[in-house]
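All values reported here derive from a predicted model rather than from experimental measurement. Atoms within a ligand are numbered from 1 in the order they appear, just like the ligands themselves.
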Amino acid sequence: MRVEARQVALQSRSPQRPDDLLIEVEEADAAAVDQAIGLAREAASGWTAASALQRSAALGAAADTLAGAAAELTGLMVREVGKPLTEASAEVSRAVGILRYYAQQALDPDGETYPGPLPSALLLSRRRPRGVAGLITPWNFPIAIPLWKAAPALAFGNAVVLKPSPEATALALRLRELLAPALPDHLFQVLPGGAATGKAMLERVDCMSFTGSVTVGHQVAVAATERGIPSQAEMGGLNASIVLPDADAELAAKVIAGAAMGYAGQKCTATSRAIVVGDPGPFTEALVAAVQGLPVGDPAEQGTVVGPLITDQARRRVVEAAEEAVADGGRLLTGGAAPDRTGWFMAPTLVDGIATDARLAQEEVFGPIAVLLAAADEEAAVRIANGVRYGLVSSVFTGDLDRALRLADRLDTGLIRVNAPTSGVDYLAPFGGEKASSYGPREQGKAARDLYTSTRTITILPQEG
Ligand code: NAD
């Protein structure tokens, strides 16, 4: 499709080699958005009329194509968003799994029957697609997030219009090219652009799924509500790991170090706060050692765990957060500065000794920085963990199942993981947070159907009697 656009050029550059320009395209303006959504709406009517078996087969074929292009997509992901090779490769595999999973879900029952007003009556409820699903996504999971939204939307009969993050434009356009042979024309479209393109989309689509920051997520939810269309927003996190006194400190430290600093901490599920119950000494020592042992460097190299930040501005935010924490009376345990090398790299940074209401203990930075907080007992740990506006994920380290279950009941997050990193998502289970971290129905698993379908309740009585 030829997309008309106004003269605003969008560039995407590699964060490890900022002179490496991956793509320069024009942003889709309101007219281009309008045209794309019109074509998507036409495509949706044919797609809804296709059988579930056809939709399932198309998603299965898309999965095969993606699997065949795994090495290429992994390389592009490393280059465009600086994701370390191992994680990038795992993300592409996950994306293939997501397509296969929703190819199967397309075949699930599409409704329910209920006892009617007469024994011979039929009272049933059927799922119907919404029409055109608008997706607005961030750059940090540039293939998995678009697909964990697009796959269920397509499986249940919708067309999809994706506005990716400008920093992941090349990946989104390549994804569209790869999926195109498996899908009818215009059913899955990508509109390059920033906020203006996203806003224009919001005015025209039939439902909206957003992932990104809290500020933008709330704006998207308000705009969708004003139009009366359903929406969901998955937003930031300030995730805590609670280390109980019986936990293996070294093991917990290794897991938490990876969850805090892997991919330079640029995950909504990254650990930002480690809360130690009891004597923090042994765990602090183990965590500093684990963080210092993480390989920082070129994301294209096998074994790299911490690559660059996405932009210079993102890196400056981390440096400033570390400086502010020290000014607030905190102690820098490791890191705190940007290494002298090309690319937006930052040393993994750990701070302790700040108050629980200091900014670093309250606001997401979205980088390789975490704070250690001490709690006198379990009660205090829960209070600290819950004492932020976010509520995405928490984790607990203990060998005591009773305590783990007790904490799981009291932690105010959508996901709770025991002896596991806060990062990591299982696409077959519902995903989402509490408080400022999420708005609207859950994503992934069987829960995804709630945003992308509506129900029709049908009552059929016999003509006589
Ligand atoms: P962002 O909010 O800046 O941008 C997200 C998307 O929204 C981008 O595509 C952007 O172009 C678009 N956008 C920006 N302003 C807009 C507007 N006014 N109207 C419509 N669209 C607009 O976020 P980001 O920097 O790309 O990603 C980082 C954030 O995403 C972090 O806060 C992180 O925690 C969050 N995140 C959350 C999850 C989750 O599932 N909860 C997953 C990944 C990332």
Side-chain angles (χ1 to χ4, degrees), residues 8 10 12 15 27-28 30 33 80-81 83 87 91 94 134-149 161-169 171-172 190-205 208-224 226-227 231-239 263-272 309-311 313-315 317-318 363-367 388-393 413-415 422-427 430-444 447-448:
V8 178
L10 174 164
S12 177
E27 293 197 10
V33 171
E80 188 170 33
V81 299
K83 182 164 286 199
E87 283 205 47
E91 181 173 339
R94 173 146 59 115
L135 317 181
I136 296 180
T137 53
W139 46 267
N140 64 337
F141 287 89
I143 295 291
I145 292 181
L147 280 179
W148 83 46
K149 297 175 188 297
V161 180
L162 163 68
K163 194 215 74 64
S165 169
E167 287 84 6
T169 301
L171 278 158
V190 173
L191 293 173
T197 307
K199 284 182 187 165
M201 255 177 69
L202 255 165
E203 284 169 24
R204 294 161 174 81
V205 292
M208 170 58 69
S209 180
F210 169 88
T211 298
S213 61
V214 173
T215 309
V216 178
H218 285 168
Q219 288 169 10
V220 166
V222 167
E226 277 172 354
R227 278 200 54 225
S231 69
Q232 73 189 166
E234 287 303 335
M235 301 169 275
L238 197 73
N239 311 302
Y263 190 24
Q266 302 171 110
K267 298 175 191 172
C268 56
T269 53
T271 304
S272 306
L309 275 292
I310 190 73
T311 57
Q313 192 192 11
R315 175 171 69 171
R317 264 204 316 268
V318 186
E363 284 303 321
E364 183 188 51
V365 180
F366 216 57
V388 295
R389 68 182 176 132
Y390 305 93
L392 190 56
V393 45
T413 52
L415 303 147
T422 53
S423 54
V425 171
D426 299 298
Y427 58 77
F431 174 78
E434 302 295 338
K435 302 190 283 189
S437 289
S438 287
Y439 172 82
R442 294 285 192 238
E443 293 201 87
Q444 307 197 52

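Using a 4.0 Å cut-off between charged side-chain N and carboxylate O, Glu434 and Arg442 make a salt bridge. The existence of a salt bridge linking Lys149 and Glu443 is confirmed by a sub-4.0 Å separation between a basic side-chain nitrogen and an acidic carboxylate oxygen.
Under the 4.5 Å side-chain criterion, counting only non-hydrogen atoms from C-beta, Lys267 is in contact with Glu87.
Within the structure, the closest approach of Pro164 to ligand 1 falls below 4.0 Å when heavy atoms are considered. The closest approach between any non-hydrogen atom of Phe366 and ligand 1 is below 4.0 Å.
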Query - Derivation and outcome, side-chain contact (heavy atoms from CB on, under 4.5 Å), residues Met208 and Leu202 - result: CA-CA 7 Å; Met208 170 58 69; Leu202 255 165; 3.8 Å; yes
Query raised in the report: Going through the checks in order, is the side-chain contact (heavy atoms from CB on, under 4.5 Å) test met by Leu415 and Asn239?
Result: CA-CA 10 Å; Leu415 303 147; Asn239 311 302; over 6 Å; no
Requested in this report: Under the side-chain contact (heavy atoms from CB on, under 4.5 Å) rule, what do Met235 and Val216 come out as? Steps first, then yes or no, please.
Outcome: CA-CA 9 Å; Met235 301 169 275; Val216 178; over 6 Å; no
Query raised in the report: Going through the distances and angles, do Asn140 and Val81 end up as a side-chain contact (heavy atoms from CB on, under 4.5 Å)?
Result: CA-CA 7 Å; Asn140 64 337; Val81 299; over 6 Å; no
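Closest to atom 27 (O) of ligand 1 among all protein heavy atoms lies Pro138 CB, 3.4 Å. For atom 24 (P) of ligand 1, the closest non-hydrogen atom on the protein side is Trp139 NE1, 3.7 Å. Protein heavy atom nearest atom 10 (C) of ligand 1, with residue, atom name and distance: Lys163 NZ, 3.8 Å. Atom 2 (O) of ligand 1 has as its closest protein heavy atom Ser213 OG, 2.5 Å. Looking from atom 35 (C) of ligand 1 to the surrounding protein, the closest heavy atom is Gly212 O, 3.1 Å.
For ligand 1 and Pro166, the ligand atoms under 4.0 Å from any heavy atom of the residue are 11 (O). The ligand atoms of ligand 1 that sit less than 4.0 angstrom from a heavy atom of Thr211 are 5 (C), 36 (N), 37 (C), 38 (C), 39 (C), 40 (O), 42 (C), 43 (C), 44 (C). Ligand 1 places these atoms under 4.0 Å from at least one heavy atom of Gln219: 18 (N). Of all the atoms in ligand 1, the ones that sit under 4.0 Å from a non-hydrogen atom of Glu364 are 31 (C), 32 (O), 33 (C), 34 (O). Counting atoms of ligand 1 from 1 in the listed order, those under 4.0 Å from a heavy atom of Ile145 are 42 (C), 43 (C). Remark: ligand 1 atoms within the under-4.0 Å shell around heavy atoms of Cys268 are 34 (O), 36 (N), 37 (C), 38 (C), 39 (C), 40 (O), 41 (N), 42 (C), 43 (C), 44 (C). For ligand 1, the atoms sitting less than 4.0 Å from at least one non-hydrogen atom of Asn140 are 43 (C), 44 (C), numbered in the order shown with element in parentheses.
Of the listed options Lys267, Met235, Gln266, Met235 places a heavy atom closest to atom 37 (C) of ligand 1. Among Leu202, Val214, Ile136, the residue whose heavy atom sits closest to atom 7 (O) of ligand 1 is Ile136. The heavy atom nearest to atom 13 (N) of ligand 1, out of those in Leu10, Val216, Val393, is found in Val216. Selection from Val365, Val220, Leu392, Thr137 by nearest heavy atom to atom 8 (C) of ligand 1 gives Thr137.
Residue contacts with ligand 1 for Phe431 involve side-chain atoms from C-beta outward but no N, CA, C or O (heavy atoms, distance under 4.0 Å). Contacts between Thr269 and ligand 1, counted as non-hydrogen atom pairs separated by less than 4.0 Å, are absent for every part of the residue.
With hydrogens and angles ignored, the 3.5 Å screen pairs no side-chain donor or acceptor of Lys199 with any backbone N or O of Ala223. Listed for the Arg317 side chain is no donor-acceptor partner under 3.5 Å among the backbone atoms of Phe366.
Side-chain contact check for Ser12 and Glu167: no donor-acceptor pair (N or O, by modelled atom type) lies under 3.5 Å.
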